[in-house]
Structures are given as structure tokens and as C-alpha cells.
Amino acid sequence: MPELAELKLTADYVNRSAKGKHFYAVQKNPEHKGQLFDVPFNEFIIHTRSRGKELILFLESVDNQDTLPIRMTMGMAGHFRLTRTGEENKHAHLKFLSRDGYTLSFVDVRRFGKWKPKETWSSNRGPCPMTEFEEFKQTIMDNLDKKVFDKPINELLMDQKYFNGIGNYLRAEILYRIDAYPFMPARQMIKEHGDQLFDLCKTMPELAYVRGGGEIKDWNNPFKTENDYIRTTGSFFKCYAKKGMAQLIDKTKRRFWYDPKWKVLDMNQEWDYYSGMPNPKAYS
DNA sequence: CGTCCACGTCTAC
DNA sequence: TAGACCTGGACGG
């Protein structure tokens with residue numbers, strides 16, 4: 001999915017696709033459980049912004065100043081596609097029809113993506129590490145005494161309240177680049193390697209963004225040019241799903257990829273005898 | 001055919 | 001802290 005970089009690429013795609021178009025209708029696939037809503041305008045334009053793993057579509061009336069925001073998340077596979085009207089993808093669940101015969105569709109095979117009209121950014125998600133870097137750092141520093149920072153850093157990185165936009169591949173790529181035990185308590189990691197950790201929470205999504213979404217299977221940056229391929233030779237991924245890396249299923253049932261030098265050999269031991277570091281289980 | 005796996009949340013015991 | 005929510009691709013028999 002869409003993690004931070006893909007959300008930003010999705011926003012770029014929507015802005016570019018909708019540019020100059022006037023839309024007049026919204027349709028929902030009845031299969032989808034999402035809310036059907038009316039757009040109270042005869043004609044509207046669409047623009048969008050992303051923040052972490054959220055995106056807001058702004059439907060703006062052509063006739064007056066009214067705007068209807070739609071808050072969205074992309075789930076595991078959601079994205080937008082512009083097609084000729086009538087040629088929409090089988091899994092297009094929310095469609096905006098334009099006067100010149102095109103449809104901007106929200107396509108989502110697994111239907112984990114969601115939308116909610118009249119809503120803007122969720123209060124339970126923190127600032128975007130890429131576009132609101134100072135606020136992102138400050139929010140964490142202001143809350144460092146909270147109990148949630150006792151959790152191992154590899155688990156806390158998935159917490160959208162503090163790391164909005166970081167997902168399963170980004171946490172692996174971020175922690176792989178820090179020479180420290182990836183299961184240590186988050187507070188300790190932030191105290192000892194905070195500057196590097198914060199920087200990586202910004203630069204890894206930036207790198208994935210310029211490389212067109214981390215080159216993840218099923219996600220292709222529609223704007224990628226031949227020059228981008230040349231400029232970005234080599235995979236973005238050094239750790240996630242790479243042969244030779246260590247992996248384990250974490251407490252939340254997600255697969256965590258990490259440097260085998262920190263390999264946990266016995267999940268039942270409080271201290272890992274190979275790395276000499278505390279076993280992640282000791283913190284769960 | 002079957003089982004496992006996937007870039008993420010949600011909510012119900 | 002299990003499951004629930006979904007489809008489809010990879011791979012095994």
C-alpha cells in the first residue's frame with residue numbers, strides 16, 4: 001500500500017488527473033459498504049492533499065465557494081485511476097464523472113480503503129513526518145513519558161498517532177539503517193538515536209516517493225519516466241522482504257524484517273544469547 | 001484443488 | 001489480543 005510515499009503519489013495523480021476537469025456526479029459501487037453521499041453542487045472541481053496515510057479529496061463547487069471534503073484511507077491496495085467513462089476498473093468503488101467523458105475512480109481490490117464525507121484530518125493521527133517534520137518530532141518529544149513508548153521501537157513505528165504514514169515496509173527500511181537493536185524500547189531508541197530515527201522517518205518516504213512508491217508490487221507510479229528508471233537504478237528495498245534478512249511475526253501479526261545481526265534465536269528467552277540484547281518478548 | 005501471503009486498520013470478547 | 005474485513009497471486013499436491 002500505500003504507505004506515506006504512495007499516498008503522496010496518489011494525491012499527485014488525482015491533482016493531475018482532475019486538472020481542468022469539471023465533474024458533475026458521484027457513483028458508488030453497491031458492493032462496497034462505504035457511505036453513498038450526494039455532492040450538493042451542479043458542477044465541481046477536485047483537488048486533494050495527503051498527510052501520512054490519509055488523503056482528503058476537496059470537491060469544490062464551480063458556482064460558489066462551497067467545498068465538500070472527503071477523508072480517505074487507501075487500505076492495502078487502494079489507488080485512483082482516470083479512465084474513459086464506461087471503461088472503469090472492475091474494482092472501482094467510488095467514481096467521479098467528468099463533463100468531458102472521463103471517470104476518476106477509487107480502485108481498491110480488497111475494499112479495506114475507506115471514505116468519509118465532511119471530514120478532514122483525523123485527530124487520532126499525528127503530523128506527517130515528511131510534510132510536517134517539526135511538528136512530527138515535537139509531538140513525540142512532548143509525549144515521551146507516556147507508557148506507549150515502553151513498547152519495542154519496531155512496534156511503535158506502526159502507531160499512526162505518532163508515526164502517521166509509516167507502515168510495514170518503511171519501519172523495516174528505517175530500522176535497518178540504524179545501527180541499534182530494533183526491538184529496544186522506543187523511548188530508549190529515541191533518546192539514543194532520535195535524530196537519526198526522525199530523519200529516516202522523513203528521508204525514507206522521500207526516497208520511496210522519488211522512486212515511484214518503493215517499487216512495490218502492484219503499485220506503479222503512473223508518472224515515472226525513463227529518466228526516473230535510469231536515475232534510480234537498484235531497488236529501494238535493502239531489508240523488507242529481502243533474501244538473507246531476518247524476519248518474525250510481531251505481536252500484531254505483521255511480519256517484521258530486520259538485520260540478521262540482531263537475530264532473535266529463542267523467543268522464549270528474556271535475553272537473546274546471540275545478540276546479547278533483550279528479547280522483544282520481554283517487552284510485550 | 002488447497003494453503004499461505006500481501007504496502008492496514010477496526011471492533012468485539 | 002484474536003478475529004474480521006476482502007481479493008487474488010504464488011506455490012504445493
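Chain naming here is simple, since letters A, B, ... match the order of the sequence lines and numbering starts at 1 in each. Basis for what follows: all heavy atoms, side chains included, without hydrogens, waters or symmetry-related copies.
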**Student:** With a 4.0 Å cutoff (strictly under), does any side-chain N or O of A/Arg255 reach OP1 or OP2 of B/dC5?
**Tutor:** yes
**Student:** In this structure, how many angstroms lie between the P atom of C/dT7 and the CG atom of A/Asn89, rounded?
**Tutor:** 14 Å
**Student:** In this structure, how many angstroms lie between the P atom of B/dG8 and the CG atom of A/Leu55, rounded?
**Tutor:** 15 Å
**Student:** Taking only the side-chain nitrogens and oxygens of A/Arg110, find out if one of them lies under 4.0 Å from OP1 or OP2 of B/dG8.
**Tutor:** no
**Student:** Indicate if A/Met141 and A/Phe163 have the same hydrophobic cluster label, given that clusters are the connected sets of ILVMFWY residues with side-chain heavy-atom separations under 4.5 angstrom.
**Tutor:** yes
**Student:** With the criterion being N/O to N/O and under 3.5 Å, what pairs connect the protein with nucleotides 10-13 of chain B, and how long is each?
**Tutor:**
none

**Student:** Rounded off to whole Å, could you give me the NZ-to-P distance for the A/Lys251 and B/dG8 pair?
**Tutor:** 18 Å
**Student:** When you check the phosphate oxygens OP1 and OP2 of C/dC6, does a side-chain N or O of A/His91 lie under 4.0 Å from one of them?
**Tutor:** no
**Student:** Can you tell me, in whole Å, how much space there is between the P of C/dG13 and that of B/dC4?
**Tutor:** 13 Å
**Student:** Could you pull out all residues at least two apart from A/Arg187 that satisfy side-chain hydrogen bond (donor to acceptor under 3.5 Å, both in side chains)?
**Tutor:** A/Asp150
**Student:** Applying the side chain to side chain donor-acceptor pair (under 3.5 Å) test to A/Asn29, which of A/His93, A/Lys90, A/Arg111, A/Lys95 qualifies?
**Tutor:** A/His93
**Student:** Can you list every stem that DNA chain B is part of, counting only runs of 3 or more consecutive Watson-Crick or G-U wobble pairs with both distances under 3.5 Å?
**Tutor:** B:1-6 with C:7-12, B:8-12 with C:1-5
**Student:** Could you tell me which residues satisfy side-chain hydrogen bond (donor to acceptor under 3.5 Å, both in side chains) with A/Lys21, sequence neighbours excluded, listed by chain and number?
**Tutor:** A/Asp100
**Student:** Under 4.5 Å between side-chain heavy atoms, chaining through other members, with only Ile, Leu, Val, Met, Phe, Trp and Tyr counted: pull out the rest of the cluster around A/Ile45, sorted by chain and number.
**Tutor:** A/Val62
**Student:** Rounded to whole angstroms, how far apart are CG on A/Asp108 and P on B/dA6?
**Tutor:** 18 Å
**Student:** Among residues at least two apart in sequence or on other chains, which ones pass side chain to side chain contact (heavy atoms under 4.5 Å, CB included) with A/Lys238?
**Tutor:** A/Glu173, A/Tyr176, A/Arg177
**Student:** Other than A/Ile56, which residues form its hydrophobic cluster under the rule that side-chain heavy atoms must be closer than 4.5 Å?
**Tutor:** A/Phe58, A/Trp121
**Student:** Given C/dT7, is OP1 or OP2 found less than 4.0 Å from the side-chain N or O atoms of A/Arg111?
**Tutor:** yes
**Student:** May I ask you to verify if any side-chain N or O of A/Lys253 is less than 4.0 angstrom from the OP1 or OP2 atom of B/dC5?
**Tutor:** no
**Student:** What integer number of Å spans the P atoms of C/dC5 and B/dC13?
**Tutor:** 12 Å
**Student:** Kindly write out the residues that satisfy side-chain hydrogen bond (donor to acceptor under 3.5 Å, both in side chains) with A/Arg51, not counting sequence neighbours, or none if the list is empty.
**Tutor:** A/Glu132
**Student:** Grab the NE2-P distance between A/His79 and C/dG8 for me, whole Å please.
**Tutor:** 13 Å
**Student:** Among the candidates B/dT9, C/dT7, C/dC5, find the nucleotide nearest to the side-chain atoms of A/Lys53.
**Tutor:** B/dT9
**Student:** Nearest whole Å is fine: how far is B/dC5 P from A/Asn168 CG?
**Tutor:** 13 Å
**Student:** Has A/Arg84 got its NZ or CZ under 6.0 Å from the middle of the six-membered ring of A/Tyr102, at an angle within 45 degrees of the ring axis?
**Tutor:** yes
**Student:** Could you give the distance separating C/dC6 and B/dC1 at their P atoms, to the nearest angstrom?
**Tutor:** 22 Å
**Student:** Which whole-number value in Å describes the distance from A/Arg171 CZ to B/dT9 P?
**Tutor:** 12 Å
**Student:** For B/dG8, does either OP1 or OP2 sit under 4.0 Å from a side-chain N or O belonging to A/Gln160?
**Tutor:** no
**Student:** Who are the side chain to side chain contact (heavy atoms under 4.5 Å, CB included) partners of A/Asn15, not counting sequence neighbours?
**Tutor:** A/His47, A/Thr48
**Student:** Check the distance between B/dT9's C1' and A/Met72's CE and give it to me in whole angstrom.
**Tutor:** 15 Å
